[in-house]
Amino acid sequence: MRGKQELEFDGRRHSRPGIISSVLGAVALLADVVVLVMAFVQNGQAGRIIGVTGFLAMWVSLAGLYYGIRALREKETKRLFPRLGFVLNLLLLAGFGAIYALGM
């Protein structure tokens, strides 16, 4: 158990854009998983709705990356959510790029 003298209050707060970035990354990840499962179940013959949903998920991830970069530039804020959002959205965009490249 930690004693009172071990607690650390540095006055930093969580970054609002960092939280937004993480939430957008989670939404894009969920949409991407749903789209990939639906496309797999339909043997790659998914309809336009699936394609549009995947395309919108890519744009949500791009917006999340923007907020992640914006949050990383803030001073005196905690770095958990900005880093999480940035990495998650960057990986998702790389995944969308790979799906596009493999589909060509």
Side-chain angles (χ1 to χ4, degrees):
M1 189 162 117
R2 295 174 66 164
K4 287 184 180 181
Q5 65 274 17
E6 291 182 32
L7 293 178
E8 189 175 325
F9 296 103
D10 55 5
R12 295 185 304 163
R13 57 182 174 71
H14 286 289
S15 168
R16 180 178 224 95
I19 294 170
I20 292 170
S21 174
S22 296
V23 169
L24 289 175
V27 167
L29 178 64
L30 179 65
D32 192 33
V33 167
V34 168
V35 165
L36 289 174
V37 167
M38 294 289 289
F40 182 75
V41 167
Q42 296 178 5
N43 294 323
Q45 301 300 319
R48 288 184 187 162
I49 298 295
I50 300 298
V52 169
T53 304
F55 187 71
L56 290 176
M58 181 190 70
W59 281 100
V60 168
S61 183
L62 192 61
L65 186 66
Y66 166 76
Y67 279 108
I69 291 170
R70 192 170 136 196
L72 286 171
R73 291 183 177 176
E74 288 182 357
K75 304 241 188 276
E76 301 298 322
T77 59
K78 293 183 180 180
R79 297 289 181 200
L80 173 67
F81 288 114
R83 287 180 181 163
L84 178 67
F86 178 78
V87 169
L88 179 60
N89 287 301
L90 190 64
L91 289 174
L92 282 169
L93 284 172
F96 287 124
I99 290 170
Y100 178 75
L102 291 173
M104 299 273 303

Separation between [atom1] of [X] and [atom2] of [Y], rounded to the nearest 0.5 Å:
X: T77; Y: R13; atom1: OG1; atom2: CZ; result: 6.5 Å
X: R12; Y: E76; atom1: CZ; atom2: CD; result: 7.5 Å
X: R70; Y: R16; atom1: CZ; atom2: CZ; result: 10.5 Å

Counting N and O atoms only, with roles assigned by atom type, does the side chain of S21 sit under 3.5 Å from a partner on the main chain of P17, one being a donor and the other an acceptor?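 It does not hold such a pair.
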R79, CZ: over 12 other non-hydrogen atoms inside 6.0 angstrom: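 Yes, CZ of R79 has more than 12 neighbouring heavy atoms, counting only those of other groups under 6.0 Å.
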Before you tell me yes or no, could you show the steps for V34 and I50 under side chain to side chain contact (heavy atoms under 4.5 Å, CB included), namely the whole-Å CA-CA distance, both residues' side-chain angles and the distance that decides it to 0.1 Å? CA-CA 9 Å; V34 168; I50 300 298; over 6 Å; no
Which residues share a side-chain contact (heavy atoms from CB on, under 4.5 Å) with [X], sequence neighbours left out:
X: A39; result: A46
X: S22; result: F81, L84
X: L56; result: V52

Side-chain cluster (under 4.5 Å, hydrophobic types only) that L62 belongs to, other residues: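 L29, V33, V37, V41, F55, M58, W59, L65, I69, L72, F86, V87, L88, L90, L91, L92, L93, F96, listed by chain and number.
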For Q42, which residues count as a side chain to side chain donor-acceptor pair (under 3.5 Å) partner, sequence neighbours excluded?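 Not a single residue meets the side chain to side chain donor-acceptor pair (under 3.5 Å) criterion with Q42.
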Nearest atoms (heavy-atom pairs only) where A28 meets V60: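 Answer, listing the atom of A28 first, then V60: CB-CG1, 4.1 Å.
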What side-chain hydrogen bond (donor to acceptor under 3.5 Å, both in side chains) pairs are there with at least one residue in residues 26-37, not counting sequence neighbours?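 Pairs touching residues 26-37 that pass the test: none.
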